[in-house]
Amino acid sequence: MNTFGFHHKVAAGVTAAGYTTPTPIQAKAIPLVMQGHDIVGLAHTGTGKTAAFVLPILHRLMQGGRKRVRALVIAPTRELAEQIHEEFGRLGRRTGLKSVTVYGGVGFNPQVAKLKRGAEIVVACPGRLLDHINQGTIDLSYLEVLVLDESDRMFDMGFLPDIRKIIRHVPAKRQTLLFSATMPDDILHLTHEVLRAPIKVQVNTIGPPSSVSHMLYPVDQHLKTPLLLELLRHTDTESVLIFTRTKH
């Protein structure tokens, strides 16, 4: 990991975390991000993509002003937002850089207080971030790097209109990194709208993961429930997750 030329305080965080060899997405993406390119990263969860943007962002933020939001990561769920926030804290523990999470389901005012105290990095879910933008409690005028993580999940959850609203409030001159496991048409259109001459970085995204098998049963509507019950009777597993409707 030391071959990337990270700032010595970022490199110290990498060493403390026990990272030695970069994953394929890190090896491909980190040099391009450090050179300032916009990136479209196609990679599944678990490939190390979080560190692929966390480390170059920490390196970049070591130069320049403090206590103002210079990097914004948008994630679809608060669980993912917390994971990214923790990664910034773990890898950036020697840097003095601060990360703040912004998402719904928790108090608004404590987030305002943290933002007022000053942070260089905000990891946010779209809805609550828009609330802060509309209330004037977050200043994105100094933003240098925008990350859209798990963009296909944000599309599935209906967040695309919110993303477009947020982008209207960030500086046009910025670096944008978009990560997604798949590339549906709406996400493809989004990349054309918000990224400048992006470089595509792809790692093992053709087809499903090798650990997943698929079966298709074409049946009439009235047979779906009997078929499901029959499948469950012959499924040797402790738990089953069944998707019955889209969120919409």
Side-chain angles (χ1 to χ4, degrees), residues 1-35 39 41 43-106 110-111 113-115 117-126 128-129 138 142-151 153-154 175-181 201 203:
M1 292 291 271
N2 293 336
T3 59
F4 295 117
F6 294 133
H7 186 283
H8 68 274
K9 290 188 177 179
V10 178
V14 172
T15 303
Y19 287 0
T20 53
T21 306
T23 66
I25 189 70
Q26 292 164 3
K28 289 183 178 181
I30 288 173
L32 295 170
V33 178
M34 289 177 71
Q35 291 163 19
I39 295 292
H44 288 289
T45 301
T47 55
K49 66 178 170 59
T50 302
F53 62 79
V54 165
L55 288 168
I57 286 174
L58 290 170
H59 173 80
R60 177 180 185 141
L61 299 187
M62 290 306 294
Q63 307 296 325
R66 295 285 178 117
K67 294 197 172 183
R68 54 197 189 195
V69 181
R70 296 170 58 201
L72 170 64
V73 182
I74 303 178
T77 66
R78 67 192 208 177
E79 291 81 10
L80 181 59
E82 276 297 335
Q83 288 172 25
I84 296 167
H85 167 71
E86 287 168 10
E87 192 82 335
F88 272 114
R90 192 163 66 101
L91 295 173
R93 66 177 66 177
R94 312 286 173 87
T95 65
L97 295 163
K98 286 191 172 57
S99 168
V100 169
T101 52
V102 166
Y103 48 69
V106 296
Q111 293 175 355
K114 286 180 183 176
L115 290 166
R117 286 198 292 271
E120 296 77 32
I121 303 151
V122 169
V123 186
C125 294
R128 178 57 66 89
L129 177 59
I138 189 169
Y142 294 99
L143 193 74
E144 299 172 31
V145 186
L146 171 66
V147 181
L148 304 175
D149 195 17
E150 302 212 354
S151 301
R153 285 182 68 193
M154 287 199 276
Q175 182 180 23
T176 307
L177 315 174
L178 182 145
F179 290 88
S180 189
V201 178
V203 179

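Basis for what follows: all heavy atoms, side chains included, without hydrogens, waters or symmetry-related copies.
For the side chain to side chain donor-acceptor pair (under 3.5 Å) with Q175, the qualifying choice from R60, Q35, E144 is R60, the only one to do so. The only option from I84, V147, I25 that meets the side-chain contact (heavy atoms from CB on, under 4.5 Å) definition with T50 turns out to be I84.
Side-chain atoms of I39 and F53, non-hydrogen and from C-beta on, never get closer than 4.5 Å to each other. A 4.5 Å side-chain heavy-atom check between F6 and L58 finds every atom pair outside the cut-off. Contact check for V100 versus Q111: no side-chain heavy atoms found under the 4.5 Å cut-off. The shortest side-chain heavy-atom distance between F4 and L55 does not fall under the 4.5 Å cut-off. Using a 4.5 Å cut-off on side-chain heavy atoms (C-beta onward), V54 and I121 make no contact.
Counting only distance, with no hydrogens or angles, the side chain of T23 and the backbone of T47 share a donor-acceptor pair below 3.5 Å. Of the possible polar contacts, one joining the E120 side chain to the K98 backbone as a donor-acceptor pair under 3.5 Å is found. Q26 places a side-chain N or O within donor-acceptor distance of the main-chain N or O of G48, the cut-off being under 3.5 Å. Using modelled atom types, one side-chain atom of H59 and one backbone atom of H7 make a donor-acceptor pair closer than 3.5 Å. Proximity of a side-chain donor or acceptor of E150 to a complementary backbone N or O of A75 within less than 3.5 Å is not detected.
Scanning for salt bridge (charged side-chain N to carboxylate O under 4.0 Å, His left out) contacts around R78 gives an empty result, with sequence neighbours left out.
The line from CG of L91 to CD1 of I57 is 11.5 Å long, rounded to the nearest 0.5 Å.
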